[in-house]
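The structure appears right after this line, and notes come after that.
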Amino acid sequence: MDADRAQELLTAERDRIELALRRLAHQDDAEPADEYDPANLASDLYQDELDQGRGDNLRQQLTALERAEQRLAAGTYGLSTESGEPIPDGRLEAVPTAERTIAEESARRER
């Protein structure tokens, strides 16, 4: 994959992640505040925990994106961090932050 296309993919991925992080702020559900209503408290707690999990996942994606940007700057983007084998362009189009080939990723998950 050429560096311009890789940069384009990584920029789009960064924009997607950063937008999703901005949207995570707790939204007021417009329900009157009732600190004694267990259903309301449970709903707020559930939403806060869901948002925290999504935020953690998005921050992990952002870290993976930063590693991909470092590989691009170093000239190693598109090569497996495990074997040095080329990662197919189709995989990079689908997952711009991919660090391994599909076979390596599958083998890693089976461990």
Side-chain angles (χ1 to χ4, degrees):
M1 172 171 297
D2 81 9
D4 289 338
R5 178 63 182 150
Q7 185 61 56
E8 182 181 313
L9 290 170
L10 293 175
T11 298
E13 185 70 357
R14 177 175 287 282
D15 291 345
R16 181 194 66 79
I17 294 168
E18 289 176 348
L19 177 62
L21 280 168
R22 284 191 304 272
R23 288 184 175 168
L24 270 183
H26 180 73
Q27 301 287 322
D28 185 5
D29 60 9
E31 294 262 335
D34 183 356
E35 62 191 45
Y36 302 108
D37 179 2
N40 196 21
L41 293 173
S43 177
D44 286 346
L45 178 62
Y46 171 79
Q47 189 62 50
D48 290 345
E49 289 180 356
L50 179 64
D51 288 347
Q52 182 178 357
R54 290 177 58 213
D56 290 347
N57 181 271
L58 287 166
R59 283 184 285 282
Q60 289 173 357
Q61 291 178 40
L62 192 57
T63 299
L65 175 74
E66 290 165 353
R67 288 192 306 265
E69 290 171 336
Q70 290 170 353
R71 290 192 306 277
L72 182 60
T76 59
Y77 181 81
L79 299 177
S80 168
T81 59
E82 191 170 304
S83 67
E85 294 292 318
I87 299 170
D89 286 353
R91 175 157 169 74
L92 293 170
E93 290 280 343
V95 184
T97 59
E99 296 180 324
R100 295 171 199 80
T101 66
I102 291 174
E104 291 168 343
E105 193 67 39
S106 295
R108 186 169 195 241
R109 289 184 182 186
E110 290 175 5
R111 291 182 207 159

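For the single chain, residues carry numbers from 1 onward in sequence order. All values below were derived from every heavy atom in this structure, side-chain atoms included, with hydrogens, water molecules and symmetry-related copies excluded.
Residues R71 and T81 have side chains in contact (heavy-atom distance under 4.5 Å, counting atoms from C-beta outward).
A donor and an acceptor atom, one from each side chain of S106 and E110, are nowhere located under 3.5 Å apart. Looking at N57 and Q61, their side chains do bring a donor and an acceptor atom within 3.5 Å of each other.
Residues forming a side-chain contact (heavy atoms from CB on, under 4.5 Å) with E66 (at least two apart in sequence, or on another chain): R14, L62, E69.
Contact record, P96 with A68: O-CB, 4.3 Å, taken as the closest heavy-atom pair. Of all heavy-atom pairs between A6 and L72, the closest is CB-CD1, 3.9 Å.
Heavy atoms from other residues, nucleotides or ligands lying under 6.0 Å from CZ of R16 number more than 12.
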Subject >> Test log, rule side chain to side chain contact (heavy atoms under 4.5 Å, CB included), inputs L21 and I17 >> reply: CA-CA 6 Å; L21 280 168; I17 294 168; 4.1 Å; yes

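How far CE of M1 is from CG of L92: 5.0 Å, rounded to the nearest 0.5 Å. Atom CG of residue L10 and atom CD of residue Q7 lie 6.0 Å apart, to the nearest 0.5 angstrom. To the nearest 0.5 Å, atoms CG (L58) and OG1 (T63) are separated by 11.0 Å. From E99, atom CD reaches atom CD of E105 across 8.0 Å, with rounding to the nearest 0.5 Å.
A salt bridge between E104 and R108 is absent, with no side-chain N of the basic residue lying under 4.0 Å from a carboxylate O of the acidic one.
Side-chain atoms of R91 come within 3.5 Å of backbone N or O of R100 as a donor-acceptor pair.
No single ILVMFWY cluster, assembled from side-chain heavy atoms under 4.5 Å apart, contains both L9 and I102.
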